[in-house]
Amino acid sequence: LTMDRAEFMALESSKKAEVLNALLDEGKNQKEAMGAVGVTIKDLMVTQVFFSKTEGRFNANAVGGYSNFHSDSTGEAAK
């Protein structure tokens, strides 16, 4: 999975979380996963993506007035 920062930042928040979680599944830790796509915690906070220490997973916060957010995209999260 290779993606640069610009490509990653262009994704919807839910997709950002999916990409980061896929990197975690490859055995990377939180910092390594973020490093792989060239983002910082601040980048993620701006895009409403958070790391849950209890779950050990990245989650996209569905709230917010984003025009590109579709209510039907929430169904993809359960895998």
Side-chain angles (χ1 to χ4, degrees):
L1 181 70
T2 55
M3 186 177 287
D4 66 28
R5 184 181 182 280
E7 287 174 305
F8 180 81
M9 293 302 283
L11 296 173
E12 282 186 30
S13 296
S14 60
K15 289 284 180 212
K16 286 185 177 74
E18 281 179 32
V19 167
L20 290 165
N21 286 328
L23 290 162
L24 293 177
D25 291 339
E26 289 176 12
K28 289 177 167 51
N29 65 29
Q30 178 192 0
K31 285 191 168 57
E32 290 167 340
M34 293 181 349
V37 290
V39 295
T40 64
I41 285 284
K42 193 174 280 187
D43 290 328
L44 294 181
M45 285 170 65
V46 168
T47 60
Q48 300 289 299
V49 176
F50 303 95
F51 185 76
S52 166
K53 286 191 168 67
T54 50
E55 293 174 43
R57 304 299 280 172
F58 287 94
N59 293 306
N61 193 343
V63 297
Y66 293 112
S67 56
N68 69 349
F69 180 77
H70 304 291
S71 56
D72 60 358
S73 66
T74 54
E76 299 169 2
K79 281 202 171 69

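Across all non-hydrogen atoms, the minimal contact from Ala60 to Ala17 is N-CB, 3.9 Å.
For the atom pair CG (Leu11) and CD (Glu18), the distance works out to 9.5 Å, reported to the nearest 0.5 Å. Atom-to-atom distance recorded for Ser13:OG and Gln48:CD is 6.5 Å, nearest 0.5 angstrom. Between the CG atom of Leu20 and the CG atom of Asp25 there is a distance of 11.0 Å, given to the nearest 0.5 Å. For the atom pair Glu26 CD and Asn21 CG, the distance stands at 11.5 Å (nearest 0.5 Å). Note that OG1 of Thr40 is 9.5 Å distant from CE of Met45, once rounded to the nearest 0.5 Å.
Inter-residue side-chain proximity for Phe50 and Leu44 is flagged as unmet; no heavy-atom pair is nearer than 4.5 Å. For the pair Met3 and Val19, the minimum side-chain heavy-atom distance is below 4.5 Å. Put simply, the side chain of Met9 does not reach to within 4.5 Å of the side chain of Val46, judged on heavy atoms. Using a 4.5 Å heavy-atom threshold, the side chains of Arg5 and Val39 count as touching. The shortest side-chain heavy-atom distance between Asn59 and Val49 does not fall under the 4.5 Å cut-off. For the pair Leu24 and Phe51, the minimum side-chain heavy-atom distance is below 4.5 Å.
With hydrogens and angles disregarded, a donor-acceptor distance shorter than 3.5 Å links the side chain of Glu32 to the backbone of Asn29.
Ion pairing between Lys16 and Asp43 fails under the 4.0 Å rule for side-chain N and carboxylate O. Taking the charged nitrogens against the carboxylate oxygens, Glu12 and Lys15 have no contact shorter than 4.0 Å, which rules out a salt bridge.
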